[in-house]
Structures are given as structure tokens and as C-alpha cells.
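Naming: A, B, ... by sequence-line order, numbering from 1 per chain.
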Protein chains: 2
Amino acid sequence: MNKAKILVIDDEVQLRKLLDITLQSSDYNVLLAADGREGIVIAANNRPDLILLDLGLPDQNGQSVLKKLREWYTNPIIILSAQSNEEEIVMALDNGANDYLVKPYRTGELMARIRSLLRRGSTDDLNPVITSGAIVIDLASRLVSNNGVPVKLTVTEYALLILFARNEGRVLTHQYLLKEVWGNSYISQSQYLRVFIAQLRKKIESDPNRPKIIVTESGIGYRFVAS
Amino acid sequence: MNKAKILVIDDEVQLRKLLDITLQSSDYNVLLAADGREGIVIAANNRPDLILLDLGLPDQNGQSVLKKLREWYTNPIIILSAQSNEEEIVMALDNGANDYLVKPYRTGELMARIRSLLRRGSTDDLNPVITSGAIVIDLASRLVSNNGVPVKLTVTEYALLILFARNEGRVLTHQYLLKEVWGNSYISQSQYLRVFIAQLRKKIESDPNRPKIIVTESGIGYRFVAS
DNA sequence: CATTTCTTTATAAAATCTTTATACTTCTCA
DNA sequence: TGAGAAGTATAAAGATTTTATAAAGAAATG
């Protein structure tokens with residue numbers, strides 16, 4: 001899964017920095033904007049997955065920034081504000097905010113609310129898939145298929161295939177493959193590797209005698225070729 | 001546009017009545033439940049567009065009601081609670097709540113938050129039912145049937161099956177399954193898992209010796225295959 | 001207390017890994 | 001070029017690990 005992008009629009013430097021650190025440590029990609037105008041520009045260019053918007057912005061009324069964003073921006077927007085009067089909250093929510101937190105807010109709660117909003121919105125569940133010719137590797141489901149037909153791989157075979165797929169086009173030496181899949185103590189067991197390469201080819205190559213996906217580089221190692 | 005249906009689950013009569021009146025005057029259809037058990041039943045039968053859930057319920061822990069609802073209910077859930085401690089809020093949000101309001105809340109704000117949540121969502125999804133071959137899992141009524149014949153499952157078996165069904169096609173590791181169903185301290189008890197998998201297969205597979213629904217991925221875990 | 005469900009243990013079966021044997025390919029250098 | 005060496009491919013047998021299942025005792029349920 002890809003890191004979610006979060007845009008923070010806040011005029012206070014300290015708060016911006018604090019949020020930056022907090023969000024980064026929760027493994028989000030963070031974008032920062034110091035005022036509404038800048039926020040709108042960055043949002044338009046980067047399409048963040050979520051926006052944290054401080055209502056007490058200097059350059060324009062926060063509510064109008066919210067409205068402008070909502071003209072085209074459909075992902076969640078959370079309002080952070082020192083204002084706790086109901087009128088302001090209701091207006092923000094009716095202007096398209098998905099949540100409203102009164103400052104000082106609690107970090108854990110903010111993070112939970114962010115998770116909650118990202119959870120639903122993430123309809124574009126991009127599950128990472130690697131393809132080479134007829135074979136498709138679905139990393140999230142740990143599923144490999146050849147021409148749509150599921151291929152059953154053992155743990156070791158799968159580890160080997162993944163390693164190849166991740167280094168598509170590159171020659172991987174025997175030592176490297178043995179070290180990565182079996183561990184340091186197996187580095188000299190190259191016969192080992194051959195047995196598994198043969199098994200893998202039997203399962204994914206259309207003609208195992210003339211391999212096109214896992215190609216031998218005599219004396220060095222093997223190479224995974226995607227078409 | 002049709003009136004939105006809102007289910008209120010709250011044990012206090014006065015609050016329930018107050019919400020009933022407030023919501024009706026905002027032109028919603030209101031359903032009322034006095035405890036978690038009743039709430040789940042009404043939710044299953046009526047598929048409300050939104051649920052207001054009071055966490056201080058008498059019959060069971062509110063968080064567990066929330067979890068049970070979330071097994072199949074996908075529309076917004078707003079938590080109302082007297083508890084304002086962060087832990088409780090974070091837990092509720094992570095258990096699938098879309099919002100959390102601390103009592104006493106302001107009516108106008110609650111209404112705005114309801115509008116906000118109804119604005120997006122309302123992707124009226126059909127029956128939360130999962131099928132694989134002859135077996136049918138009705139998540140809303142917690143009913144499993146094999147060729148139309150009801151299958152009797154223990155709580156643990158059901159929890160396991162649900163976990164599989166929600167991750168159809170994906171390989172679930174032993175550790176993950178053990179953690180989710182039995183808790184962190186059971187992570188290494190994989191023999192355990194095998195016993196329950198065997199039991200489940202005996203109940204739902206047409207030929208338990210050649211399983212087609214719960215497939216073994218040797219060395220890793222199991223995979224649920226829907227047809 | 002009877003019944004159901006959970007937990008543990010034992011053992012058989014299956015799948016996978018490891019090793020061995022042998023044939024095949026590619027490379028090297030007289 | 002072609003014979004030997006080095007490297008590679010593959011099948012298959014044996015060893016090991018992982019999985020399936022029954023069954024018996026413990027705990028929970030009602």
C-alpha cells in the first residue's frame with residue numbers, strides 16, 4: 001500500500017512543524033502550506049488524500065478556503081480551529097468539512113480520526129501487481145497466475161520469484177539469490193538454486209526448455225525478463 | 001430523494017425521545033432501540049442510512065456492539081458517549097466509528113455532522129452476503145448455510161470464517177489468523193488453528209478431504225476462495 | 001448435571017526441502 | 001574444431017517439516 005498524502009494548511013509555524021513530525025512518524029507523506037492561497041495551489045497540484053485545515057488563517061476567511069477547496073476537492077477535509085462556537089462548527093461541516101476538531105486537540109484522537117476518514121475514502125485500492133507476459137504476481141493476495149490460471153508456489157519458490165520480479169531486467173548473481181532467499185550460510189549451495197529455478201520454470205514458463213521469463217546468465221546468475 | 005433512515009441506539013428513554021423529535025423535525029425517518037442486542041436486530045432488518053450509537057449501553061460493552069455492527073454494516077456510525085477520555089475515542093474510531101461526540105453534545109453540531117456523513121456515503125449496498133459454491137454467509141443475520149441448509153457454527157468458527165470471507169482470495173498467515181481470532185498471546189499456537197480449520201471444513205466443504213473453499217497454503221497460512 | 005465447546009495430545013498423511021545422480025550446455029584452449 | 005572442463009538442468013529418492021484428523025480430557029455454558 002502506498003503512503004497517504006496529507007496536506008496541512010496552518011499559519012502557525014510551530015503547529016505546522018509539530019503536525020509534520022507527528023504525521024511523518026505515522027508514515028504519511030506530508031505537504032505543508034502556510035496560508036489558504038498556498039494551500040489551494042498545493043492541493044490542486046498534488047491531490048492529497050486528506051487535508052488538515054486550520055480555520056484561523058491570516059489571508060482569507062477559513063470558511064471561504066474550505067468552500068473553494070470543495071468546488072473540486074472530494075477527499076476528506078478535517079478542520080482544526082480554536083473556535084468552539086457551534087455556529088462556526090455547523091457552518092464548516094455544512095461547507096463540506098468531514099470533521100471539526102477544537103484546539104487544543106489530542107494528537108491520538110486526531111490520528112484516529114484521520115485513520116477513520118482515510119479508511120473509507122481509499123476506494124482506489126491499488127494492490128501492487130507485477131506482470132511479465134502471461135504471468136501476474138499479486139503481492140497483496142500473494143497470488144501468482146499464468147494466463148489467468150492460478151499457479152501454486154511454495155514459500156521458497158515464491159520468495160525467489162518475488163526477488164526476481166522486484167529486480168526485473170537485472171542480473172542477479174547466484175550468491176545474491178542464495179543469500180536473500182536462504183540466508184548467508186547457503187551462499188555456496190548453487191546446486192540448490194538450480195533445483196528451485198527448474199521448479200519455478202516448470203510452473204511459470206510456457207516452454208521450460210526455452211525459458212523466456214527467467215533467463216540463465218551462464219557463470220553469473222539469472223535475470224527476470226518482463227515483456 | 002427519499003428520507004434517510006436513522007437508527008438511534010440509546011438506553012436512556014429521555015435522550016431517545018429527544019433525539020427522535022429532533023431528527024424527525026429535520027425530516028429523517030427514525031428507528032429506536034433501547035440496547036445493543038435490539039439495535040443489531042433492527043439494523044439488520046432495516047438497513048438504516050446512519051446509526052447513532054450510545055456507548056454507555058446496559059447489556060453489553062458498546063465497543064463490542066460497534067464491532068458486531070461493523071462486521072456487515074457499512075453506512076456511517078456516530079458514537080455518542082459521556083466518556084471523553086482519548087483511549088475510548090481512539091478505540092471507537094479504530095473499531096469503525098465515523099464520528100464520536102462527547103455528551104452533552106450540541107444538537108446543531110450533531111445535526112451538521114449527520115448531514116456531513118449522509119452527504120457522502122449513501123452508496124446503498126445490497127445484502128451483505130458472501131457466497132462460495134454452495135455455502136452462503138449472511139453477515140447481517142450471522143447465518144451460514146450450505147446448500148440452503150443452515151450450518152451451526154461455534155463463535156470461534158464463525159469468527160474465523162468471517163475473517164476469511166472478508167479477505168476473500170487473499171492468503172491469511174497463521175499468525176494473522178491467530179492474532180485476530182484468539183488474540184496476541186496465541187500467535188504461536190498453529191496446531192490450534194489446524195484443529196479449527198479441520199472443523200470448519202467438515203461443516204462447510206462438500207469434500208473436506210479436498211477443500212475448495214478454505215485452501216491450504218503450506219508454510220504460510222490459508223486462503224478463502226469464493227466462486 | 002448434561003451438553004457443548006475448547007484445548008491438548010498423538011499419529012498418520014501430505015507437502016516441501018535437501019541431496020544425489022546423471023544428462024545436457026556452454027566455454028576453453030590445444 | 002573438438003575434447004575436456006566447468007557450469008547448468010532435471011528427475012527422483014530420502015529426509016524433514018508441515019498439515020490433517022481423531023480422540024480424550026478440561027472448561028465453559030445453560
May I ask you to evaluate whether B:Ser218 reaches the phosphate of D:dT18, defined as a side-chain N or O under 4.0 Å from OP1 or OP2?
no
State whether B:Lys152 places a side-chain N or O below 4.0 Å from either non-bridging phosphate oxygen (OP1 or OP2) of C:dT4.
no
Specify the separation, in whole Å, of atom CD of A:Gln191 and atom C1' of C:dT19.
9 Å
Looking for any heavy atom pair under 4.0 Å, which part of the strands does B:Thr156 touch: base, sugar-phosphate only, or nothing?
sugar-phosphate
Look at A:Ser190 and D:dG7 and indicate whether a side-chain polar atom (N or O) is within less than 4.0 Å of OP1 or OP2.
no
Does D:dT21 have OP1 or OP2 under 4.0 Å away from a side-chain N or O of B:Tyr192?
no
Length of the line joining A:Ile214:CD1 and D:dT8:C1', which is rounded to integer Å:
14 Å
Evaluation steps, side-chain contact (heavy atoms from CB on, under 4.5 Å), between A:Asp27 and A:Lys3
CA-CA 7 Å; A:Asp27 213 33; A:Lys3 278 192 190 180; 3.2 Å; yes
Which of the following nucleotides, D:dT10, C:dC17, C:dT7, is nearest to the side chain of A:Ala198?
D:dT10
Expressed in angstrom and rounded to an integer, what is the separation of B:Lys203 atom NZ from C:dT5 atom P?
6 Å
Pairwise side-chain contact, A:Leu52 with A:Leu19, heavy-atom cut-off 4.5 Å (strictly under):
yes
Here the distance between atom C1' of C:dC24 and atom CD1 of A:Ile197, to the nearest Å, is 17 Å
If only side-chain N and O atoms of B:Arg194 are considered, is one of them under 4.0 Å from the OP1 or OP2 phosphate oxygen of D:dT19?
yes
Taking atom CZ of B:Arg166 and atom CG of B:Leu139, what is their separation to the nearest 0.5 Å?
5.5 Å
Nearest-Å distance for atom pair CG/P, residues B:Leu193 and D:dT18:
14 Å
If the cut-off is 4.0 Å, is B:Trp182 near the phosphate of C:dT7, judged by side-chain N/O to OP1 or OP2?
yes
Rounded to the Å, how far apart are B:Asp207 CG and D:dT21 C1'?
14 Å
Assert: residue with more 5' nearest nucleotide on DNA chain C, out of B:Phe196 and B:Glu217, is B:Phe196
Are any of the side-chain heavy atoms of B:Arg201 and B:Asn209 separated by less than 4.5 Å?
no
Check the phosphate of D:dT18 against B:His174, side-chain N and O only, distance under 4.0 Å to OP1 or OP2. Yes or no?
no
Separation of C:dC6 P from B:Leu153 CG (nearest whole Å):
11 Å
Spacing of CG belonging to B:Leu160 relative to CZ belonging to B:Phe224, to within rounding of 0.5 Å
11.0 Å
With respect to the phosphate group of C:dA13, does any side-chain polar atom (N or O) of B:Asn209 fall under 4.0 Å of OP1 or OP2?
no
Which of C:dT16, D:dT10, D:dA20 is nearest the side chain of A:Thr154? It is C:dT16
Tell me the interatomic distance from A:Ile220, atom CD1, to C:dT26, atom P, rounded to whole angstroms.
15 Å
Considering heavy-atom distances to DNA chain D, does A:Pro211 or B:Pro208 have its closest nucleotide positioned more toward the 5' end?
A:Pro211
Do you know which two heavy atoms are closest between A:Asn98 and A:Leu93, and how far apart they sit?
C-CD2, 4.3 Å
Among C:dC17, D:dT21, D:dT8, the one nearest A:Tyr222 by side-chain distance
D:dT8
Is any side-chain nitrogen or oxygen of A:Lys202 closer than 4.0 Å to OP1 or OP2 of D:dA11?
yes
When all nucleic acid strands are considered with a 4.0 Å heavy-atom cut-off, which category describes B:Gln199: base, sugar-phosphate, or nothing?
nothing
